[in-house]
Amino acid sequence: RTWRPGPLYAGSKDVAEATPDTFDKLVMEDRRAMVVVFYADWCGHCIHFAPVFKRMAAVMSSDTRFGFAALNCAQFGQFCTGVEINSYPTVRGYHFPDISGADTRHGGDLPREEYRSETGFTAWLLRQRLPDVLPGAPTASAGGGSAVPSASSTLVPSGLAAPLAPTVAPAAALVAGAAAAPKVVGGGGRRSVPVDAAAPLHHVDAELALMYSFRQGVFLRATSNGTSPGEPPALSGMALDELCSWLSFVTEVLPSQDARRNVAALRDVAWDARSSASGALKQSVWESAIAGRGLAGLPPQAGVDPTPYWRLCSTYTCGLWSLFHLLLLGVAVRPQLRVPGDGAEGFLSAGSRTPVHPGDALRRIRGFVEFFFGCDECVANFLETFDGCHLGRCDLDPKDGRGAAIWLWKVHNSVTKRVASEHGAVAPEPWPSGQDCIGCWPTPDTADSEAVYRHLVATYWRPEWTPGGAADGGGDSGGGLDFVAGALLAAMVVLGLLAWGVAQARCRRTSKTA
């Protein structure tokens, strides 16, 4: 099977799948206490939480005081920005007398520690002070039902036992003759291919994930602070600063000339918004900027539904790992790389081109995860690993490209292992396998970091992607067009100087003769 974006609750008897057009009727106008989960269909934790939420709704379906609904923020991002949803899954309550904000369109956040447990959440709902349902109210959110539980009712905890997200990429996007066995990577899938064929394909997946993030992540931290009454939330402050820094960084590191040009245009939109009187980026402005914009041969539609365009990956999270590895290695192999200043704090100082080191690249990746990635538990775990100096991060020299790449590789493997453990799956073997990387594992439990680094470079980067080089067409062609143009320009300058010198010498000889 291939993962495709779409509603996780369609067809449920007990959970109504809402849209912006039906939200008021299903939630705001309903007389019951409504429990609504806001989710993203690409989010692994949301996928695994869906059957849990459905079971809780089924248990409560005969209690006429409660109703359950869901809304897919991956599909309806502007609506979720408007009610300030900034992580997934988020569960909110409506019409609960004792929950702050439950009488507004935003709703009130329900205690996370309660709804993580099926038994605990059912008991918590039954403890709430609620009036009897008014005459004429529906008796169940979407039909069906079961016995009304008592406060002492117990459920058999099933954890998050749903199947893992599908891991096989679309057949049309695969390299002919590639190995067919899928691997689970941080909630998404990735196929193995020969190392010498992998880099261009990872490049496509990286840019595809970047495109998708422009719609899925940029406005997660939008707020109503500083906006006029009635205006939708906007991006400002630290979140906008991080967006400017992230886009400036990506503009310089991506191998594709076309992708750099398009990302630079978006960077300018963010810069202009930050320097405006309001100091804020409106979502309508951003949506207009990304509309009709592709990257390196990927059409604009790929940013809406990336499914048909994946090469090695089949999920957004897998594509993000490709993006992070590619960007970090792009810095590690190019020690002279410089990034133009954008006026932000930190390594991007205004008015100059500042060297960017692997340590800076890691901080940009951290900033992206904190501000622009919606999976709540994923973000918490990554920030704990990064800020807690786990796996030796704080011992790294900021200029140590190999060390930074190995650290991210260790994090990637630890995430894969943790996700498998959380969902009761057998942990896959560490990546890369001994078969894919001869010499990476001298013993089953010990990796050769030098061999792993060489494998990472060969897998995610190509020698022709030199500073200023080009890899248009989604990374399949790679080329050093900028380098060639620069060399031609330098040659023209040298020839011009030689011609000028010859002319000056002739003038001097003519003057002496006269």
Side-chain angles (χ1 to χ4, degrees), residues 5 7 17-29 34 36-43 46 69-94 99-109 211-244 246-247 265-293 300 303-304 367-368 370-376 379:
E17 185 80 49
T19 70
D21 292 334
T22 64
F23 187 83
D24 284 348
K25 181 178 180 180
L26 291 175
V27 178
M28 301 306 297
E29 297 173 12
M34 294 296 297
V36 182
V37 57
F38 295 88
Y39 69 94
D41 54 36
W42 53 260
C43 167
C46 298
L71 191 139
N72 184 5
C73 292
Q75 186 176 1
F76 304 112
Q78 285 194 351
F79 180 88
C80 292
T81 297
V83 296
E84 299 189 42
I85 301 295
N86 54 37
S87 64
Y88 313 120
T90 290
V91 180
R92 287 185 177 173
Y94 294 80
I99 299 294
S100 175
D103 58 344
T104 70
R105 192 174 180 82
H106 282 60
D109 290 324
M211 283 184 66
Y212 198 53
S213 75
F214 292 156
R215 295 182 182 276
Q216 295 297 319
V218 167
F219 275 80
L220 284 173
R221 296 297 181 268
T223 69
S224 298
N225 296 337
T227 61
S228 302
E231 286 190 354
L235 200 69
S236 60
M238 292 178 61
L240 183 53
D241 285 343
E242 191 60 46
L243 179 63
C244 291
W246 169 253
L247 295 176
L266 298 177
R267 174 203 62 194
D268 293 345
V269 171
W271 285 0
D272 291 345
R274 190 175 58 184
S275 61
S276 67
S278 66
L281 176 60
K282 295 181 178 180
Q283 189 166 15
S284 59
V285 173
W286 181 256
E287 293 284 349
S288 177
I290 63 176
R293 189 181 297 278
V304 179
F368 177 93
E370 179 181 8
F371 288 96
F372 310 123
F373 188 53
C375 176
D376 184 57
V379 173

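This one's a predicted model, so the numbers in the text were calculated from it and none came from an experiment.
Exactly one of Gln283, Lys282, Glu287, Gln78 qualifies for a side chain to side chain contact (heavy atoms under 4.5 Å, CB included) with Phe219. That residue is Gln283. When Phe373, Phe372, Phe368 are each tested for a ring pair (Phe, Tyr, Trp, His ring centres under 6.0 Å) with Trp246, only one passes: Phe368.
Cys pair Cys375 and Cys43 fails the test of SG atoms under 2.5 Å apart.
Residue Gln216 holds its CD atom at 9.5 Å from SG of Cys80, rounded to the nearest 0.5 Å. Thr81 OG1 to Leu220 CG: the interatomic distance, rounded to the nearest 0.5 Å, is 7.0 Å. Atom-to-atom distance recorded for Cys244:SG and Leu266:CG is 11.5 Å, nearest 0.5 angstrom. Distance check: Leu243 CG to Trp271 CH2 gives 11.5 Å after rounding to the nearest 0.5 Å. Note that CD of Glu17 is 7.0 Å distant from CG of Leu71, once rounded to the nearest 0.5 Å.
Defined by atom type and a distance below 3.5 Å, a donor-acceptor pair is present between the side-chain atoms of Ser224 and Glu84.
For Met28, the CE atom sits in a packed shell: over 12 heavy atoms of surrounding residues, nucleotides or ligands are nearer than 6.0 Å.
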Give the intermediate values and the outcome of side-chain contact (heavy atoms from CB on, under 4.5 Å) for residues Trp42 and Tyr212.
CA-CA 11 Å; Trp42 53 260; Tyr212 198 53; 3.7 Å; yes

I'd like to know whether Phe371 forms a side-chain contact (heavy atoms from CB on, under 4.5 Å) with Val218, so could you lay out the CA-CA distance, the side-chain angles of the two residues, the decisive distance to 0.1 Å, and finally the verdict.
CA-CA 8 Å; Phe371 288 96; Val218 167; over 6 Å; no

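At least one donor-acceptor pair closer than 3.5 Å links the side chain of Tyr94 to the backbone N or O of Arg105. Between the side chain of Trp286 and the main chain of Arg215, no donor-acceptor pair closer than 3.5 Å is present. Looking at Thr22, its side chain does come within 3.5 Å of a backbone N or O of Thr19 through a donor-acceptor pair.
Put simply, the side chain of Thr90 does not reach to within 4.5 Å of the side chain of Val37, judged on heavy atoms. For the pair Arg92 and Ile99, the minimum side-chain heavy-atom distance is 4.5 Å or more. Annotation: side chain of Leu281 is not in contact with side chain of Arg274 (no heavy-atom distance under 4.5 Å). Using a 4.5 Å cut-off on side-chain heavy atoms (C-beta onward), Tyr39 and Pro7 make contact.
In this structure, Asp376 and Ser87 approach most closely via the heavy-atom pair OD1-OG, 3.6 Å. Here the closest non-hydrogen pair linking Ala270 and Leu247 is CB-CD1, 4.3 Å.
Separation of the Phe79 and Phe23 ring centroids falls under the 6.0 Å cut-off.
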